[in-house]
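Let me begin by presenting the structure, written as structure tokens, before commenting on it.
Residue numbers start at 1 and run along the sequence shown.
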Amino acid sequence: MLYQFLVLIPFLIVFACAKPQPEHRYDVVLTNGMIYDGSGETPVQGEVAITGQKIAAVGDIGSYEADTVIDVQGMAVSPGFINMLSWAANPLLEDGRSMSGIKQGVTLEVFGEGSSLGPVSEYARQNNNQIQWTTFGEALEYMADKGIAPNVASFVGATTIRVHELGYEDRAPSEEELKRMQELVRQAMKEGALGLGSSLIYAPAFYADTDELIALAKAAAEYDGKYISHLRSEGDSFIEAVQELMTISEEADIDAEIYHLKAAGRNNWHKLDQVLRMIDSVNANGEKVTANMYNYVAASTGLDATMPPWVQEGGTEEWIKRLKDPKIKSQVIKEMQHASKDWENFLVAAGDPDNILLVEFKEDSLKYLTGKTVGEISNMRGTSAAETIIDLVVQNGTDIGTVYFLMNEDNVKKQMQLPYMTFGSDARSIAAEGKNLESSTHPRTYGNFARLLGKYVRDEKVISLEEAIHKLTYLSAQKLKIEERGKLAPGYYADVVVFDPETIADKATFEEPHQYAVGVAHVFVNGTQVLNEGEHTGATPGMFVKGPGYQQDKEESAVSSR
């Protein structure tokens, strides 16, 4: 018997050697999915393989072994979504899970609409022990090191730069102050800022004139950054505000983008077509002006947007102090009740105080009014809408979170179809739990991206699924000049979302906004799974994604060291 076994050994060795060996070994393989690679091209069925932080292979990947194989039959596999306008910075410092964003497939949150986490003046840092950084780059690195589920990137805020040097004063900077402001922009660009972001309807950003913005944009342009702006007006002076952005773009020789493009207020809805013709015209002449949007007819900001900027000079304390003065209050009420070309009046733009919904109070004594409109509260109190708004702000001791119904659904759909349009929530990323439930919010916080893919792609067929994914991913990355993101291709970072095109949907409403979207099964960030069968894994692999200036600076350093 032993003899027979010994005789068989050579044959067994030959047989073992002849057995096919896998060509490749991967950490994760998503198999049988319909792959939308972010390019906008027709999807193909196949596999997506991940090794470490990167995508290793896409399509027909041959034979393989993998630590984890997930069968995603019937699902769409796409690059992770990029939120072009996020207010998740402070929420992520408190809760790095990014629940409402991750559950929609968002793997990169982009900050910087006017304000950014840095640079922080030494005075401000000393007076706020929560701030553990000074510069722009230190802030984003601190966030990533603390542990966050999504990647993060940011523009440097023009308002933040202004406050750093001028505080909340309504004046132009001196020549020396402007030079220091430009230097702060340059430093932020070297540290990884995507460009310069402004938000011009709000004090103190409103106080900056066009020349100041051109000077700061020129500093960002030195590092191939972008100028991105909440326009000075989206309503009565919409056309003029777009022209200002185009002037800044031309004079500073910088690509420009409009934050949350909209024609606000019924009397201004018709202006969208003229603005789109203006954009087409400048782009045809070689400039580059683009836009992003959110997918609702309601905007969200504060009650400050109903009051003239002059009353807000000096910051919140000075604002409240002025509103308590009967003479000033009377003047403010008078200005609030009439349209103005000089500032954006959201009370007039809303058309009806019942189109102004109050969603977030600081004072517990006022929280019973959450979910009521200004019209309802005015009737309860027997005061005009303008006086009611002022009284509420004074009683709250600060601004009040507000939803304004301002836009037209046909315009929303028209914008989605623009070839250069991308998407941002203009919202936080939060969990539907704990203190968050004590206030209301705009439903875009939980539903902006799922709403696009469910309501507008699947149900209403406004754009195709491959076009929507392209805009949410690779087109967004190209606009931001971010490399190795936004596409399912070997060598790119493995930011991947798996969702069901037949079930993805937003559930959040204005009445009940704290409801997660449905339909996203799996999310990977930098190759690590953060969502598994719709449940958060607790992983926090997010990185600080740096802009083109950071890369340029490294190249310059390498050249100078040779």
Taking the side chain as every heavy atom from C-beta outward, state whether [X] and [Y] have any atom pair closer than 4.5 Å.
| X | Y | value |
| --- | --- | --- |
| Q104 | F81 | no |
| P308 | V332 | yes |
| D325 | K321 | no |
| T373 | N355 | no |

Just jot down the side-chain contact (heavy atoms from CB on, under 4.5 Å) partners of V359, sequence neighbours excluded, or say none. L357, V403, S440
Those residues that, when tested against S233, pass side-chain contact (heavy atoms from CB on, under 4.5 Å) (two or more places apart):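 Expected list: S237, A241, E344.
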Quick test of your reading of the model: are [X] and [Y] salt-bridged, counting only N-O distances below 4.0 Å?
| X | Y | result |
| --- | --- | --- |
| R458 | E502 | no |
| K329 | E387 | yes |
| D426 | R444 | yes |
| D459 | R451 | no |
| D364 | K367 | yes |
| D273 | K414 | yes |
| E467 | K471 | yes |

Pair [X], [Y]: side-chain N/O donor-acceptor within cut-off below 3.5 Å:
| X | Y | answer |
| --- | --- | --- |
| T537 | N532 | no |
| T388 | T383 | yes |
| Y446 | K103 | no |
| S198 | Y227 | yes |

Could you give me the CA-CA distance, side-chain angles and deciding distance for D506 and K455, then say whether salt bridge (charged side-chain N to carboxylate O under 4.0 Å, His left out) is met? CA-CA 8 Å; D506 61 310; K455 173 179 170 64; over 6 Å; no
Should we count NZ of K334 as having more than 12 external heavy atoms under 6.0 Å?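 At most 12 heavy atoms, drawn from other residues, nucleotides or ligands, come within 6.0 Å of this atom.
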Please check if the side chain of S100 supplies one atom and the backbone of I430 the other of a donor-acceptor pair under 3.5 Å.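 A pair under 3.5 Å: yes.
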Please name the pair of heavy atoms, one in [X] and one in [Y], separated by the smallest distance, quoted to 0.1 Å.
| X | Y | answer |
| --- | --- | --- |
| D354 | D352 | N-OD1, 2.8 Å |
| A386 | I333 | CB-CG2, 3.9 Å |
| A299 | H442 | O-CD2, 3.8 Å |
| N411 | A263 | ND2-CB, 4.3 Å |

Taking only residues two or more places apart in sequence, or in another chain, which ones meet Y202 in a ring pair (Phe, Tyr, Trp, His ring centres under 6.0 Å)? H230
Y404: which residues meet the ring pair (Phe, Tyr, Trp, His ring centres under 6.0 Å) condition with it, sequence neighbours left out?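 F346.
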Looking at the rings of H522 and F499, which for Trp means the six-membered one, are their centres under 6.0 Å apart?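 When the ring centroids of H522 and F499 are compared, they turn out to be at least 6.0 Å apart.
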Does NZ or CZ of K271 lie under 6.0 Å from the centre of the six-membered ring of F238, at an angle within 45° of the ring axis? no
E113: which residues meet the salt bridge (charged side-chain N to carboxylate O under 4.0 Å, His left out) condition with it, sequence neighbours left out? none
What pairs with D95 under salt bridge (charged side-chain N to carboxylate O under 4.0 Å, His left out), at least two apart in sequence or on another chain?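 Partners of D95 under the salt bridge (charged side-chain N to carboxylate O under 4.0 Å, His left out) test: R97.
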